[in-house]
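Structure first, then comments.
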Amino acid sequence: MESVDSNFPVRHRKFSLEIKGNKTEIVICSYEDHILVIATQIGAMGTILHARKEEGMSVEPTFSVSVIFGKRDEPMLIATARRLIDHISSFVPSKPLVLSLGLKDHSSETLKEIVAAVIENRLW
């Protein structure tokens, strides 16, 4: 089930899908200065990460990812944020990402499916 609400002041999209037997709800919001993505299997926010493209002169882009709240010892969550900001920055280089992952299952397959679903339903 998907909904896009154009009346709400912030463009957003909300949908759900089943990943490895877990109902996963995803909300994507495109604010003027940030992209917010919430993915939850627990009905609440989870670990919150901030990711942005670093400004610099190097040919290869560099990204900064930090955990704002939650599990700091989960490299797969950081890799997920890194994958998303890498994709987002190729369309809107100056918009950082705030990502909330409230998951029962932190497997790489689940995280890859979340990244694919967010990219497929992107608002940027």
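One finds the OG atom of S90 at 9.5 Å from the CD1 atom of I85 (value rounded to the nearest 0.5 Å). Interatomic distance, NZ of K14 versus CG of N121, reported as 14.0 Å (0.5 Å rounding). Atom CD1 of I48 and atom CD1 of I38 lie 8.0 Å apart (nearest 0.5 Å). Separation of atoms NZ (K104) and OG1 (T110) is listed at 11.5 Å; rounding is to 0.5 Å. The CG atom of L97 sits 7.5 Å away from the CH2 atom of W124 when rounded to the nearest 0.5 Å. The CE atom of M76 sits 5.0 Å away from the CG atom of L111 when rounded to the nearest 0.5 Å.
A donor-acceptor pair under 3.5 Å is formed between the side chain of R72 and the backbone N or O of V67. Of the possible donor and acceptor atoms, none in the side chain of E54 sits under 3.5 Å from a partner among the backbone N and O of T62.
Heavy atoms only, all atoms of each residue included: S89 and F63 are closest at OG-CE2, 3.3 Å. Here the closest heavy-atom approach between residue I26 and residue A39 is recorded as CG1-CB, 4.1 Å. Here the closest heavy-atom approach between residue L123 and residue H12 is recorded as CD1-CA, 3.4 Å. Here the closest heavy-atom approach between residue A81 and residue A51 is recorded as O-CB, 4.1 Å. Scanning all heavy atoms of the two residues, the minimum distance from G46 to S100 falls at N-OG, 3.1 Å.
Residues V115 and V92 share a single hydrophobic cluster, defined by chaining ILVMFWY side chains whose heavy atoms lie under 4.5 Å apart. I42 and I68 are assigned to two separate hydrophobic clusters, defined by single-linkage of ILVMFWY side chains at heavy-atom distances under 4.5 Å.
No side-chain heavy atom of L101 sits less than 4.5 Å from a side-chain heavy atom of V37. When side chains are defined from C-beta on, L103 does not count as touching I19, because their heavy atoms never get closer than 4.5 Å. In this structure, the side chains of L99 and T80 come closer than 4.5 Å at one or more pairs of heavy atoms. Residues M45 and T40 form no side-chain contact, since every pair of their non-hydrogen atoms from C-beta on lies 4.5 Å or further apart.
Residues K95 and S30 have side chains that bring a donor and an acceptor to within less than 3.5 angstrom of each other.
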For E55 and K53: C-alpha separation, side-chain torsions, deciding distance, then whether salt bridge (Lys or Arg N to Asp or Glu O under 4.0 Å) applies.
CA-CA 6 Å; E55 297 300 320; K53 182 177 181 181; over 6 Å; no
For side-chain hydrogen bond (donor to acceptor under 3.5 Å, both in side chains), just list the numbers for N22 and T24, CA-CA rounded to whole Å, side-chain angles, deciding distance to a tenth of an Å, and then say yes or no.
CA-CA 6 Å; N22 292 306; T24 307; over 6 Å; no
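The number of heavy atoms from other shown groups lying within 6.0 Å of NZ (K20) is above 12. Within a 6.0 Å sphere centred on CD of E32, other residues, nucleotides and ligands contribute 12 heavy atoms or fewer.
H106 pairs by the ring pair (Phe, Tyr, Trp, His ring centres under 6.0 Å) definition with nothing, not counting sequence neighbours.
Listed by first and then second residue, the salt bridge (charged side-chain N to carboxylate O under 4.0 Å, His left out) pairs that reach into residues 78-90 are R82-D86, sequence neighbours excluded.
Between E120 and R122 there is no salt bridge, since none of the side-chain N atoms of the basic residue sits less than 4.0 Å from a carboxylate O of the acidic one.
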